[in-house]
Amino acid sequence: MRLRALVAMAIVLTVAPGVPALAEEPPPPPPVTATETPATATETPAPTGETPAPTGETPAPAEQPPAPKLEPGLAADGDGARVIVEVTAPAEAVPVAGEARSLPGAEVVLQPPDTSFIVVEGTSESLAALAQDPRVVSVRRDRAYSPVSLASGLKLIGADQAQAEGATGEGKMIAVIDTGIDRDHPALAGKVVEEACFSATDGGAKSLCPGGAGTQTGQGSADAKTPMCVEGTVNLCDHGTHVAGIAHAVAPGADIAAIQVFSRIDDCEGGEACLSAYESTILLALDHVAKLKDSHPGLVAVNLSLGGGLYEGACDGEPEIGAMKQKIETLRAKGVVAVAAAGNEGMSGAGAPGCISGAVTVGATGDDDRVPEWSNYGSVLDLFAPGVEIDSAVPNGGTAVYSGTSMSTPHVTGALAALAGKSADATPDALVGKLTAAGRPIVYDGVTTPRLDLYGALTGRAPSPPATQDPAPGDGSTPDDPGDDPDPNPSSGPSPAPEPVDPPAPSPVPLPTVTVTVTVTATPATAPTVCSRGKATKTLTAAGWATEMTRGKGELPDETLGCYLRLVAKASGVFPELTRASTPGTAYRVLKPAGKTKLTQKIKMESELLAAWLNWAHGGVNFTAKISKSTTVRDTLIAAERQRLKGAALAEYTSILKKHVNARRIA
């Protein structure tokens, strides 16, 4: 059996533009706004219905006038402007920069290494002269895109005030274990100083290390722009850059160590590509962080916006968590705090490593200090931080708006670096204690969790008055939920006769593009959403779920079914670890085996077990619901999976799941 995959908390990173983003997969970039200029969109002429007859000769293409290299308006801008000067090749950047410096009224303000652009501030005359150089491809404004939610989140946690008093994280370092980072992104200001890659290469997994090996260190080894990260026009590895951009915005003086731990899987839902991180690669990355601490004493925190499994409380006693727990505790003893995302399942609890007591576990709040419906919550959390619609960096110089506890976590990681810069002798426990003591209390369901307040921790001021949330998060009543609500009343009608087929991968859709730096970022026309559990009030039988998995037969949309299957994949050790059930087609074959299939006890149990997990994902059952005086749904699911792994007592648990979980309204 392959090692259990831990999937990124912002959701399985799919490439389909129409699929909503999950808790494990960062959503696609945002649509073009009124302040963004589509730079490369073209119109396709309508067909005429006539096909010209071949002439035997290839006509010469019509000559097109060359596109102006100087953006319209720059020549008339008497005040000058900050511009991006794109050149024909990286080797030309140095001589063009030299020419720019020789021009009156021009100044080179940014010259990233090994890139095909520089940034220049100049007068209209100097920019017009620079555009005449044949090595220059274009001269265009370096537009400032206002990251409204990130900016407001920074203000909410007092990062702006802390930075004004010198708490920038200068001399400190944070590590980001994720999908790699675009080290050349202007928003990161050259702060990525260490890189490493640990990427699985077996069982269908393909390495994301630029050299294709399973391990690589040194500059470029965690590059988020490597060809294996790209599927069509979509960068699958944007999550790590987005996370790093948030941490850097909180602690702009801190250095960053980028550590890539994901692998590419080409056969995910709908046959699309996605990313997945194995526990083994995460463990290697944690070991690498421990070594970095020896050579970089200023390393204070490691960001883990990823996770696997679901636990209602601390998971320290779980056997499968032991190795990760030990490494996180070792890091803490060396002075490095592991900061982990709680997860986006809308439940009380967290995935691993967030469930480990030695980690600082972070949930999400909006700018109004309300917990969104999809954020995990409860006593296992240490802090809340802004995580709703956060605008941050993505590869190739762009930005995107994502939501999730993945976005909350780097707020805390950056805050630790900023605070450590002003508290040089503070231990990890002391730093975390300052943050938790200063945070605004968020009160809900008998639990109080502080919301990050960096400036309060820096100055020691009293926390803001508590914010009470009633009803509690996760019950479906939280307003302004950015995600789509699934239909609470699906049909459980008769089982379909035909077996469905997996939906084909969607064809690429022409989309507008936004020029941010040298390249353009494709953007879909719909806002990203977060996948979370549904709000159903009843359960479905295995046959009912088979109906839902049949295209055109059920009432739940494909996006919702895909979301539920990804939640199951995260929570279960059987699906798809032992039995593939990652697409509606494969799930249907588990729920309703083909007529000629011999119905063994294993097949019967897997059908009821998958139905039980789907009922949990749909909201029809909760982990804490009792099926007897002392047994909960979670107890039953865990025990059933253990029996499936051992191959014993299958008939008994098949009956329990069928009668007490899938055929009862117990939500």
Side-chain angles (χ1 to χ4, degrees), residues 6 8-10 24 26 150 153 157 159 169 172-183 187-188 191-196 198 222 224 237-252 254-262 277 281-282 285-286 288-290 292-293 296 298-307 324 327-328 331-332 335-343 350-354 356 358-364 381-383 385-387 390 392-393 402 404-420 428 431-432 435 452 454:
L6 299 179
M9 267 310 169
E24 265 49 45
L150 179 54
I157 68 172
K172 302 301 177 182
M173 174 184 279
I174 59 176
V176 178
I177 295 179
D178 213 292
T179 65
I181 297 176
D182 177 3
R183 64 178 294 123
L188 295 176
K191 284 294 184 178
V192 179
V193 299
E194 290 284 350
E195 295 182 65
F198 304 95
C237 300
D238 58 355
H239 188 262
T241 303
H242 198 274
V243 166
I246 297 169
H248 174 70
V250 177
D255 289 334
I256 300 171
I259 306 175
Q260 161 72 270
V261 295
F262 282 77
T281 59
I282 296 172
L286 292 171
H288 185 73
V289 172
L292 282 177
K293 177 65 174 177
H296 296 274
L299 177 59
V300 296
V302 54
N303 194 94
L304 293 154
S305 289
L306 45 76
M324 192 174 295
K327 293 183 185 301
I328 285 176
L331 284 173
R332 186 103 170 208
V336 181
V337 180
V339 188
I356 297 172
V360 173
T361 306
V362 187
L381 269 66
D382 295 285
L383 287 163
I390 305 298
S392 183
Y402 294 163
T405 58
S406 279
M407 285 64 253
S408 308
T409 306
H411 281 86
V412 175
T413 304
L416 283 167
L419 190 60
L431 292 173
V432 173
L435 291 181
L452 178 66
L454 171 57

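If you read the sequence from its start, that first residue is 1, and numbering goes on from there.
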- Task: Hey, could you give me the OG/CD1 distance between Ser408 and Ile246, rounded to the nearest 0.5 Å?
- Result: 8.0 Å

- Report the residue from Lys293, Met173, His296 that forms a side chain to side chain contact (heavy atoms under 4.5 Å, CB included) with Val336. Lys293

- Message: The test is side chain to side chain contact (heavy atoms under 4.5 Å, CB included); show your working for Asn303 and Ile174 and say whether it passes.
- Response: CA-CA 7 Å; Asn303 194 94; Ile174 59 176; over 6 Å; no

- Compare all side-chain heavy atoms of Val250 with those of Pro410 and state whether any distance is below 4.5 angstrom. no

- Task: Look at the side chain of Thr361 and the backbone N and O of Ala342, then say whether any donor-acceptor pair between them is shorter than 3.5 Å.
- Result: no

- Could you grab the distance from atom CD1 of Ile282 to atom CE of Met324, nearest 0.5 Å is fine? 5.0 Å

- Leu299 versus Val289: any side-chain heavy-atom pair under 4.5 Å? yes

- Task: Decide yes or no for His242 and Ser305: does some side-chain heavy atom of the first lie under 4.5 Å from some side-chain heavy atom of the second?
- Result: no

- Query: Quick one: are Arg332 and Val360 in side-chain contact, heavy atoms under 4.5 Å?
  - Reply: yes

- Query: Between Met407 and Ser392, does a side chain to side chain contact (heavy atoms under 4.5 Å, CB included) hold up when you go through it step by step?
  - Reply: CA-CA 9 Å; Met407 285 64 253; Ser392 183; over 6 Å; no

- Task: State, yes or no, whether a side-chain contact exists between Leu188 and Arg183 at a heavy-atom distance under 4.5 Å.
- Result: no

- Step by step, would you call Ile181 with Ile256 a side chain to side chain contact (heavy atoms under 4.5 Å, CB included)? CA-CA 10 Å; Ile181 297 176; Ile256 300 171; 3.8 Å; yes

- Message: Can you confirm whether Leu435 sits close enough to Leu452 that some side-chain heavy atom of one is under 4.5 Å from a side-chain heavy atom of the other?
- Response: yes

- State, with a plain yes or no, whether a side-chain heavy atom of Glu195 is found less than 4.5 Å away from one of Ile259. no

- Task: Find the distance between CD1 (Ile157) and CG (Leu454) and round it off to the nearest 0.5 Å.
- Result: 6.0 Å

- Query: Thr179 side chain to Gly240 main-chain N or O, any donor-acceptor pair under 3.5 Å?
  - Reply: yes

- Query: Can you tell if the side chain of Lys172 reaches within under 4.5 Å of the side chain of Asp255, non-hydrogen atoms only?
  - Reply: no

